[in-house]
Chemist: 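The following block contains the structure, expressed as structure tokens.
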Amino acid sequence: MSAKETVDPRTADIIIESLRAGEVPREGLEHFATGIDAHVAALEEEFARITDGRGRYRFLRGEYGAGKTFFLRNIAARARAEGFVATYVRVSYPEVPLHQPVAMYRAITSGLGVHHKMDNALRDLVDQWLYKISERVADPDLGRGLADDHPQFAEAMAEESRRMLGIVADAAPAFAQALDAYARASLRGDTEIARSMLQWLSGDDKVAASARKQALITGKLGHQDVLGMLRALSTMVTQAGYRGLVVLIDEVERLVKLPRSDSRKTGLELIQNWMGALDAGQWPHALMVVAGTTSFFDSPRGVPMLEPLQQRIGPLNAGPFPDMDAVQLRLPPFDVARLLAVGKRVRELYEVCHAGTAHRVSDAFLERLAREVSGAFGGKVEVTPRRYLREVVSVLSRVRRYEAFVPEEHYAFQLDEAGAPALSDQERAAREGRSMVEAEQESLPESFDL
């Protein structure tokens with residue numbers, strides 16, 4: 001079935017405009033995904049496992065341009081549609097450093113998404129949790145069978161929330177205290193305290209002392225608290241009626257660039273500790289997917305620094321018949337055929353937005369463009385998808401605006417033309433004939449406080 005038959009104009013426009021900016025669209029990824037069906041199916045098999053209460057982890061290897069971010073966002077969308085809570089985290093320095101657990105926790109909570117809200121859904125989750133408590137209170141088989149206007153309804157809500165919080169408190173007492181304080185503040189209409197408790201649950205260290213005092217919370221969230229908080233978060237997610245928590249961590253190869261070996265090792269230990277918690281049942285109903293390039297998995301500055309982690313991740317099976325159930329999966333790099341297939345999908349999506357345009361951009365032109373773009377980068381097709389798709393959208397826009405514009409006659413790809421987007425490190429390396437690993441291992445600015 002073509003994109004024209006399955007996508008609405010609004011979603012098509014979101015996709016087109018994201019590609020024009022060189023970004024992965026936030027919606028509609030399924031409409032132009034190609035060549036990754038087996039990988040998606042392998043990850044979706046994990047959904048049933050975490051619904052059953054297990055903790056799971058997978059690692060995704062792919063070079064620059066292979067579509068790791070696209071893949072993770074696609075998995076997030078599928079998870080949300082299937083009744084899970086999903087969160088996408090992009091490692092960056094100094095904003096989201098992998099070696100600082102509290103910063104990672106904050107990124108996880110800020111990225112929480114559900115089927116009706118793609119991120120920043122922590123409040124929605126907590127309110128859904130409260131709603132489930134009210135349902136139990138109103139059900140005579142589960143609670144006291146009280147209507148919400150009954151004089152004892154608030155008391156029954158508090159009693160039921162304490163019962164449910166007992167399970168959460170086993171993982172993280174302070175999380176349970178903050179959740180209880182949020183519930184009590186919401187019931188009495190104290191929006192200020194409720195907002196402060198949401199801040200604390202999200203890992204914000206700037207919560208007013210007076211609000212923390214009301215919740216009997218002392219001190220700040222420390223790195224030793226984070227695993228318990230994640231377990232409590234997963235528990236709340238399932239109590240709120242969702243099937244589990246899917247945590248997607250992208251661009252971990254940035255760790256390799258850190259100048260200090262102790263920071264790199266601490267980041268690797270964080271991943272190892274979270275894997276251990278998932279294995280041991282200490283973080284149930286959760287799936288963690290970690291994505292990075294070869295430099296993260298193979299460089300002496302990456303996973304090999306920590307032998308127990310390397311053993312757990314295991315070797316990459318890159319043969320013609322890879323084990324799709326292995327801990328580590330490899331995304332296939334783009335070739336011209338796959339690039340052309342995506343270009344055709346984008347052309348269909350553009351036709352949804354602007355009917356009567358796509359037929360003027362032929363398959364032959366799209367293939368020519370794919371070869372011209374990859375040729376500008378020394379034939380390294382794998383680094384070209386974002387650049388290629390930007391050019392496809394640009395050509396389609398000109399065809400739409402100018403009746404006299406004929407792509408085969410009036411367009412030739414020029415990498416250095418005025419106004420062209422700046423080259424990424426990887427594109428520059430391909431342009432100069434250097435390896436991708438060299439590009440990734442360039443040092444961060446010395447001003448970074450890591």
Side-chain angles (χ1 to χ4, degrees), residues 57 59-62 64 68-69 72-73 76 86-112 119-120 122 199-207 219-231 233 245-278 283 286 288-306 308-310 312-313 424-426 437 439-450:
Y57 50 81
F59 287 78
L60 188 71
R61 179 195 295 234
Y64 175 84
K68 296 184 298 299
T69 299
L72 293 183
R73 290 197 181 278
T87 179
Y88 170 83
V89 175
R90 175 179 286 167
V91 172
S92 62
Y93 292 89
E95 296 84 1
V96 187
L98 185 59
H99 65 287
Q100 294 183 12
V102 176
M104 289 294 292
Y105 174 80
R106 281 196 297 267
I108 286 170
T109 57
S110 68
L112 289 170
D119 52 23
N120 292 309
L122 178 61
Q199 280 183 264
W200 194 89
L201 289 169
S202 71
D204 191 335
D205 59 2
K206 298 181 178 63
V207 179
K220 294 184 178 181
L221 186 64
H223 69 273
Q224 72 280 359
D225 302 314
V226 168
L227 257 179
M229 296 285 283
L230 289 172
R231 180 180 180 184
L233 178 63
L245 176 65
V246 177
V247 178
L248 307 161
I249 304 175
D250 198 6
E251 299 191 16
V252 289
E253 68 272 8
R254 290 172 179 261
L255 179 83
V256 175
K257 299 181 181 181
L258 296 182
R260 292 180 52 175
S261 61
D262 57 341
S263 295
R264 297 198 301 275
K265 186 177 180 182
T266 301
L268 296 169
E269 288 172 341
L270 178 143
I271 293 175
Q272 178 179 271
N273 291 340
W274 289 8
M275 290 168 68
L278 290 163
W283 187 8
M288 177 177 70
V289 183
V290 179
T293 62
T294 294
S295 65
F296 173 75
F297 292 99
D298 294 350
S299 165
R301 297 166 63 91
V303 170
M305 283 186 68
L306 203 61
L309 176 61
Q310 187 175 37
R312 270 188 154 165
I313 294 175
S424 68
D425 290 342
Q426 291 81 0
V437 173
E440 288 175 6
Q441 293 182 358
E442 293 176 357
S443 297
L444 291 171
E446 293 181 0
S447 59
F448 278 18
D449 181 10
L450 302 171

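Residue indices begin at 1 and follow the sequence shown.
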Chemist: For P101 and H223, which heavy atoms make the closest approach, and how far apart are they?
Modeler: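 Shortest heavy-atom separation between P101 and H223 comes out as CG-CB, 3.7 Å.
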
Chemist: First locate atom CD1 of I313, then atom CZ of F59, and finally report the distance between them rounded to the nearest 0.5 Å.
Modeler: 4.0 Å

Chemist: Mind checking whether E269 and K265 have side chains closer than 4.5 Å, heavy atoms only?
Modeler: yes

Chemist: Taking R90 for the side chain and V96 for the main chain, is one N or O donor matched with an acceptor at less than 3.5 Å?
Modeler: no

Chemist: Testing the basics here: between L72 and A291, what is the closest heavy-atom pair and its distance to 0.1 Å?
Modeler: CD1-CB, 3.7 Å

Chemist: Once rounded to the nearest 0.5 Å, what's the spacing between atom CD of E251 and atom OG of S92?
Modeler: 8.5 Å

Chemist: Would you compute the distance between atom OG of S110 and atom OH of Y88 and round it to the nearest 0.5 angstrom?
Modeler: 12.0 Å

Chemist: Determine the interplanar angle of the Y93 and H99 rings, folded into 0 to 90°, and report it as parallel if under 30°, tilted if 30 to 60°, perpendicular if over 60°.
Modeler: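 Geometry flag for H99 against Y93: parallel rings.
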
Chemist: Return the minimal non-hydrogen interatomic distance between S263 and L258, and the atom names on each side.
Modeler: CB-CD1, 3.8 Å

Chemist: Side chains of K68 and D250: does their closest heavy-atom pair fall under 4.5 Å?
Modeler: yes

Chemist: Taking the side chain as every heavy atom from C-beta outward, state whether I271 and V303 have any atom pair closer than 4.5 Å.
Modeler: no

Chemist: Search all heavy atoms of V102 against all heavy atoms of G222 and return the closest pair with its distance.
Modeler: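 Nearest pair, atom of V102 first, then G222: CG2-C, 3.7 Å.
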
Chemist: In Å, rounded to the nearest 0.5 Å, how long is the span from CG of N120 to OG1 of T87?
Modeler: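 Result: 9.5 Å between the selected atoms.
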
Chemist: List the steps, then state whether side-chain contact (heavy atoms from CB on, under 4.5 Å) holds for T266 with R260.
Modeler: CA-CA 10 Å; T266 301; R260 292 180 52 175; over 6 Å; no

Chemist: Donor-acceptor pair, distance only, cut-off 3.5 Å: does the side chain of S299 make one with the backbone of F296?
Modeler: no

Chemist: Mind checking whether V91 and L255 have side chains closer than 4.5 Å, heavy atoms only?
Modeler: no

Chemist: Closest heavy-atom contact between T109 and L122?
Modeler: O-CB, 4.4 Å

Chemist: Which atom pair, heavy atoms only, marks the closest approach of N273 to L227?
Modeler: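 Smallest heavy-atom distance, with atoms named: O-CD1, 4.0 Å.
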
Chemist: Does Q272 reach the main-chain N or O of L309 with its side chain, forming a donor-acceptor pair under 3.5 Å?
Modeler: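 Pair found, side chain donor or acceptor close to backbone of L309.
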
Chemist: Could you pull out all residues at least two apart from W274 that satisfy ring pair (Phe, Tyr, Trp, His ring centres under 6.0 Å)?
Modeler: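 Ring pair (Phe, Tyr, Trp, His ring centres under 6.0 Å) list for W274, sorted by chain: W283.
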
Chemist: Does the S295 side chain pair with the main chain of E253, one donor and one acceptor, at a distance under 3.5 Å?
Modeler: no

Chemist: Enter the distance from L201:CG to L233:CG here, rounded to the nearest 0.5 Å.
Modeler: 9.0 Å

Chemist: Determine whether L230 and V226 make a side-chain contact, defined as any pair of heavy atoms from C-beta on separated by less than 4.5 Å.
Modeler: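 With C-beta onward as the side chain, the pair touches.
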
Chemist: Roughly how far, to the nearest 0.5 Å, is CG of L221 from CE of M229?
Modeler: 5.0 Å

